[in-house]
Amino acid sequence: MERIATSLWSETRHKTISTQLSQNELRNYARTVFLKTTFILLILLLASRVFAQDTLPQKSLEVYGFAMVDMGYNFDQIDPRWFDALRINRLPKYKDQFAPDGTWFFGVRQTRFGVKGYTPTSMGDLTVRFEFDMFGTGSDEGQTTMRLRYAYGQLGKFLIGQATSPFMDADVWPNTVEYWGPSGMVYYRNVQVRYMPINDADKELWIALERPGAGADKGTISIPEDGPSLPSLDSVKAKLSAPDISAHFKKRGKWGSVQLAGIFRPLKWADTRVNKGGTDLSGSATGWGAHLSAAINLTKATVFRGNYVYGEGIENYMQDAPNDIGTVLTGNPSKPIEGQALPVTGIMAWIDHNWNPAWWTSLGYSNVTIDNTATAANTTSYKYGQYASLTIGTTPIQNTMAAVEFQWGQREGEDGFKAECKKIQISFKYNFSTTFFKPKGGQD
């Protein structure tokens with residue numbers, strides 16, 4: 001019996017140990033399977049991410065633009081070279097300067113074409129942009145001819161070429177169709193060297209050295225007959241000895257964006273007469289400006305766009321303010337005339353509203369005020385401009401737009417003469433855009 005009992009106890013103990021070993025082996029096996037599975041999943045996840053990045057199409061060239069047709073009716077007078085735009089500074093300076101009233105206009109000058117190229121480098125993509133429209137200005141005023149808008153290269157935090165000035169805010173441009181836009185807005189594309197230490201989706205800090213340039217309002221003394229004892233100012237030329245310095249900080253969010261910008265401009269001019277007759281009209285002035293702008297989402301469908309700008313000698317950066325420097329009589333025989341940076345104030349307030357995916361409206365008002373010097377008194381020098389418009393637009397099908405716009409503007413000179421212009425404009429636009437991608441295994 002003892003032998004039988006011992007045998008049974010030994011057999012039971014052996015089974016118990018075997019069971020424990022089986023359970024331990026099962027746990028170890030399960031643990032091994034779990035670790036291997038997790039490792040394989042991680043490898044597959046990493047591989048899928050690498051593969052996705054490797055096969056993600058990368059841009060190499062983008063071609064874009066639109067064809068735009070404008071037509072309408074000028075109820076009043078405007079410089080014929082600006083028949084299809086409402087530039088307040090080109091309204092009559094005296095009665096019937098551009099008579100007669102009432103003219104129809106047609107044009108395609110807003111038509112635009114642009115390309116962007118993307119070249120990968122060790123510092124990131126080199127982006128090169130070239131864009132022009134057909135709206136002739138300057139010596140090409142009134143013509144349908146190429147007008148350069150953008151020509152720059154951007155690599156990392158640097159941009160060099162012609163692009164929007166940091167002093168302006170492109171986000172405040174309203175949803176209008178008239179080409180020139182609100183008179184009290186800062187809007188200028190300039191040749192520059194720009195550094196962007198912060199250039200994220202939610203905030204920007206840009207600093208630039210910009211091409212200098214300015215215009216002068218010579219007042220009554222620009223005509224030698226008005227004062228035989230005063231020298232003509234025709235020999236006084238701008239001396240562009242230093243670049244303009246501009247900067248802005250912008251903050252963006254779901255609520256919209258707000259931007260604070262500033263500019264500093266050393267302005268100089270030289271008297272180029274060979275025989276100055278004991279007088280020297282050379283001189284300098286300091287231009288500066290501050291610009292606060294915002295685009296605020298009042299609702300999901302309504303956006304407020306506005307700005308306030310004030311400065312001296314910054315008219316060159318304004319949408320429609322002609323002269324940066326005015327003249328002052330000193331009474332000093334050796335320097336009878338000096339230049340002074342003209343103060344300028346501009347405001348703009350606009351409401352853009354989308355009624356539904358197909359219809360939208362835009363309504364707003366803007367003005368600009370220039371404080372001219374005393375020598376401009378009782379002359380046609382530009383003193384005050386007002387601009388307002390109402391736009392009703394639709395996008396009936398993809399890549400198309402049609403709109404009708406009612407425009408009003410008024411120009412006031414230092415002599416008190418006011419010229420008013422009312423216009424109706426109908427516009428059609430057809431967009432196009434094509435992007436070319438780099439082939440797999442291409443340049444890197």
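Side chains included, hydrogens not; waters and symmetry mates left out as well; all remaining heavy atoms used.
- Of the charged side-chain nitrogens involved, none lies within less than 4.0 Å of a carboxylate oxygen, so that Lys383 and Asp371 do not count as a salt-bridged pair.
- We find that Asp280 and Lys335 are not joined by a salt bridge, their nearest charged nitrogen and carboxylate oxygen being 4.0 Å or further apart.
- Checked for salt-bridge contact, Arg265 and Glu210 miss the test: no charged N lies under 4.0 Å from a carboxylate O.
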_Show, in sequence, the C-alpha distance, side-chain angles and deciding distance for Lys250 and Asp169, and conclude whether the salt bridge (Lys or Arg N to Asp or Glu O under 4.0 Å) test is met._
CA-CA 9 Å; Lys250 173 178 284 189; Asp169 185 355; 2.7 Å; yes
Return all side-chain donor-acceptor pairs below 3.5 angstrom for residues 99-115, not counting sequence neighbours, or 'none' if the list is empty.
{"residue": "Asp101", "atom": "OD1", "partner": "Gln77", "partner atom": "NE2", "Å": "2.8"}
{"residue": "Arg109", "atom": "NE", "partner": "Asp84", "partner atom": "OD2", "Å": "3.0"}
{"residue": "Arg109", "atom": "NH1", "partner": "Gln143", "partner atom": "O", "Å": "3.1"}
{"residue": "Arg109", "atom": "NH2", "partner": "Asp84", "partner atom": "OD1", "Å": "2.7"}
{"residue": "Gln110", "atom": "NE2", "partner": "Asp70", "partner atom": "OD2", "Å": "2.9"}
{"residue": "Gln110", "atom": "NE2", "partner": "Val177", "partner atom": "O", "Å": "2.9"}
{"residue": "Thr111", "atom": "OG1", "partner": "Met68", "partner atom": "N", "Å": "3.2"}
{"residue": "Thr111", "atom": "OG1", "partner": "Met68", "partner atom": "O", "Å": "3.4"}
{"residue": "Thr111", "atom": "OG1", "partner": "Val108", "partner atom": "O", "Å": "2.9"}

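- No side-chain heavy atom of Trp269 sits under 4.5 Å from any side-chain heavy atom of Leu281.
- Note: Phe167 and Tyr317 have perpendicular aromatic rings, judged against thresholds of 30 and 60 degrees for the angle between ring planes.
- The shortest side-chain heavy-atom distance between Arg305 and Trp173 does not fall under the 4.5 Å cut-off.
- Under the side chain to side chain donor-acceptor pair (under 3.5 Å) rule, Tyr387 has a single partner from Arg87, Glu178, Gln407, Arg411, which is Glu178.
- Using a 4.0 Å cut-off between a side-chain N of Lys or Arg and a carboxylate O of Asp or Glu, Lys251 and Asp202 qualify as a salt bridge.
- Using a cutoff of 4.0 Å between basic side-chain nitrogens and carboxylate oxygens, Lys116 and Glu62 are not scored as salt-bridged.
- For Lys418 and Glu420, the salt-bridge test fails: no basic side-chain N is under 4.0 Å from an acidic carboxylate O.
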